[in-house]
Amino acid sequence: MSAEENKTSLHFIEQIIEDDLASGKHSAIQTRFPPEPNGFLHIGHAKSIVLNFELAKKYKGKCNLRFDDTNPEKEKVDYVDGIMADIKWLGYSWGKTLYTSDYFEQLYQWAIQLIKAGKAFVDDRTAEQVTADRGTPSTPATPSPNRNRSIAENLTLFTEMKEGKHAEGTKVLRAKIDLASPNMLMRDPAIYRIKNEPHHRTGTTWHVYPMYDFAHGQSDSIEKVTHSLCTLEFENHRPLYEWFIKELGIFPSRQIEFARLNLSYTITSKRKLLTLVEEGHVTGWDDPRMPTLVAMRRRGYPPAAIRNFSAKVGVAKRNNVIDVALLEHAVREELNKTANRVMGVLNPVKLVIENYPEGKVEMVEAVNNPGDETAGKRPLPFSRELYIDQSDFMENPPSPRKFFRLGPDREVRLKYAYIIKCTGYDKDEAGNITLIKAMYYENTRSGNDTSGKKVKGTLSWVSAPQAIDAEIRLYDRLFNNDNPAALEDFRTALNPNSLQIVKNAKLEASVATLTIGQTVQFERQGYFTIDKETTSKHLIINRTIGLRDTWAKMQK
RNA sequence: UGACCCAUGGUGUAACUGGCAACACGUCUGAUUUUGGUUCAGAAGAGUCUAGGUUCGAGCCCUAGUGGGUCAACCA
């Protein structure tokens, strides 16, 4: 391969990093993933996690995990634990777990430094008053009457705030920047507010908490983060980020913004996801229809698929909506390689092979994974009474060129076993097929078929006496609309059929040995994983995703 | 009626210092197949938002427009 062919293109952040490394600005890179522990991680966060950790890996740098825990009202240790579990599940590890709250003392000292430099002041005005005075993008703010308080008074007041001598909302520390700035964030932003809510890590030690803008850049700086990656909505914060770093004279981390991930047919707003949970449209944050990482894990999405997907979507600054089909493709691609095949019948109908001896059970050999010889083979019981899927039989099938499966007088192969011919069937009063009768050709056994017979259709099946029962949950898209987030009320696009429960599926017995979270392919059906609600008495299985189905497409 | 950011097949991302617009998903053919899966071979689909400019040459540089996004929490 020539050097020419070897060339892979870099996205804009990689280019920045390579330039910084080449120019000697940095000798190594440091990134970070900085979630606020106020909820569960979703597929959008996965993009950021993969970006930050993979960048660090590629350039032999490090990626920190830092919890941005500056708002005690919304944050909980449960979320901290959940987020760490999700990142580990995704396949990433970090060194020491870091918290912005570890920097509260330093941040406080920096605030004092700003006050002493005349760059910050304590404002007694209410939030409403401050907002009213902020002006508009084209008209400057009106200065707070407290803007020119003496440094000594500011120091006293801020100390009192810290000590809890003032009520919430009565005072705030503001940076003194530029009241006429076209960037509203520069018009004397609040940098410290009073909160008496106990913090999940620092308890009641503090009564003042830094705002995001006064905490994030400085935390990056403390950790010597070289490239601080965040989403586009923080673009307008960059001047502030840089202002604090400059005024404080600390390590100049660089903020770089990229476009967040949006997925078609999906919602990734934490607030809206919470609505889904609270209003009971889903069973919880880990309902397998949710776009959260916990839900995807429960549904059987392999972490490698999410990593691959995150890499495939690219990194740029353009607003985007990724086709959810790309995620599904990544899931199938991974599972096709890794999931063992088993036999499962979702909507069983009994098939009796009338010329097969009653009571006889023979073992046939089934391949565990046709793409992976090392996965081996397993014996499968075959007998006179089997289950096949209702959809594999048609009373009045179209031409054999169109419909390969079973119908009156049609022949198909039962995979790994014999070719059979349908000889009849029973119906109930409602017209449902209740029993299919067939005969088998003894000389067509897989492996030593001497018949020379050729059939177009191959069916999956389960031997009835040995079959086990399971409840199977079939998931479809939660929303019918390809961009529910853009709707006035995203709930109007909820797909009423996003969950279908199959109560009496019949499976080969080996499925009972699977553990929670293990994923297999039911041949010709899709990928399925053992749900956490499974008990020793009740097997509950989630359909991770169906196979690509060109037959279903043809039928439309 | 301000600032900042963005604009390339249906979707997403490429195109190095200006030089034949490529890759993936999706779609459609065909072959293979004891999974209507996989795999393989192939096809269709954009001339790069618009108008100017610079240049031998512009998706790329410049100007203006248009369209979209973000910003006026004591959230992150």
Side-chain angles (χ1 to χ4, degrees), chain A residues 7-11 15 34-36 38 68-71 73-75 123 125-128 130-139 141 168-174 181-187 189-195 208-209 211-213 215-216 230-239 257 259 261 264 270 309 312-330 332-333 336-337 341 367 370-371 402-405 412-417 419 446-447 449 455-460 482 521-526 546-554:
Chain A
K7 209 168 340 187
T8 55
S9 60
L10 303 174
H11 58 66
Q15 267 159 22
E36 181 185 16
N38 70 341
D68 209 352
D69 55 350
T70 57
N71 187 354
E73 284 169 10
K74 303 210 278 178
E75 298 153 5
D123 199 346
R125 314 208 84 203
T126 64
E128 295 70 36
V130 170
T131 299
D133 286 350
R134 184 111 44 201
T136 71
S138 49
T139 58
E168 281 187 27
T170 58
K171 285 189 169 38
V172 67
L173 184 69
R174 293 224 260 165
S181 173
N183 183 341
M184 304 297 284
L185 289 164
M186 301 298 274
R187 322 244 271 216
I191 59 175
Y192 261 94
R193 76 287 213 198
I194 299 169
K195 280 188 191 296
V208 288
Y209 291 89
M211 298 286 291
Y212 166 85
D213 286 304
H216 205 94
C230 64
T231 49
L232 252 26
E233 57 266 36
F234 291 99
E235 268 172 340
N236 294 342
H237 292 248
R238 184 165 11 105
E257 310 87 12
L261 171 77
S264 63
K270 256 184 209 172
F309 167 74
K312 275 177 214 248
V313 300
V315 180
K317 302 185 75 162
R318 184 161 30 144
N319 295 314
N320 60 72
V321 181
I322 309 286
D323 191 340
V324 72
L326 184 61
L327 208 211
E328 294 172 344
H329 169 261
R332 288 194 185 101
E333 184 182 46
N336 179 51
K337 287 188 291 191
R341 273 59 171 172
V367 174
K402 289 211 66 174
F403 186 76
F404 308 156
R405 284 111 99 145
V412 296
R413 176 174 292 282
L414 296 174
K415 188 157 187 176
Y416 303 127
I419 292 177
S446 289
D449 184 337
V455 290
K456 186 76 177 148
T458 302
L459 301 191
S460 35
D482 65 354
Q521 182 191 110
F522 290 179
E523 294 221 30
R524 305 199 310 131
Q525 306 296 322
L547 256 25
R548 251 185 98 230
D549 193 347
T550 48
W551 164 241
K553 217 179 284 175
M554 280 165 61

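The basis for the numbers below is simple: all heavy atoms, side chains too, and nothing from hydrogens, waters or symmetry mates. Each chain gets a letter, A, B and so on, in the order the sequences are listed, and its residues count up from 1.
Among the nucleotides B:U1, B:G37, B:U33, the one closest to the side chain of A:Ser138 is B:U1. Among B:G37, B:G36, B:G12, the nucleotide with an atom closest to any side-chain atom of A:Phe403 is B:G36.
Residues satisfying the side chain to side chain donor-acceptor pair (under 3.5 Å) test with A:Arg238, not counting sequence neighbours, are A:Glu257. Qualifying side chain to side chain donor-acceptor pair (under 3.5 Å) partners for A:Arg187, counting only residues two or more places apart in sequence or in other chains: none.
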Can you pull every protein N or O that's under 3.5 Å from an N or O on nucleotides 25-31 of chain B?
residue : atom : partner  : partner atom : Å
B:U27   : OP1  : A:Lys553 : NZ           : 2.6

List, with names and distances, any nitrogen or oxygen atoms from the protein found under 3.5 Å away from nitrogen or oxygen atoms belonging to nucleotides 44-49 of chain B.
none

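With A:Asn38 as the partner, the side-chain hydrogen bond (donor to acceptor under 3.5 Å, both in side chains) test is satisfied by one option alone out of A:Lys270, A:Glu73, A:Glu75: A:Lys270.
Base pairing in RNA chain B gives the following stems of 3 or more Watson-Crick or G-U pairs, range against range and under 3.5 Å: B:2-7 with B:66-71, B:10-13 with B:22-25, B:27-31 with B:39-43, B:49-53 with B:61-65.
When the nearest nucleotides of RNA chain B are assigned to A:Val455 and A:Gly314 by heavy-atom distance, the more 5′-ward of the two goes with A:Gly314.
Using a 4.0 Å heavy-atom criterion, one finds that A:Arg341 contacts the bases of the nucleic acid, with or without backbone contacts as well.
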Quick one: what's the B/S/- string for nucleotides 61-76 of chain B, heavy-atom cutoff under 4.0 Å, read 5' to 3'? --------BBBBSBBB
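For A:Ser264 (side chain) and A:Val324 (main-chain N/O), a donor-acceptor pair under 3.5 Å exists by modelled atom type.
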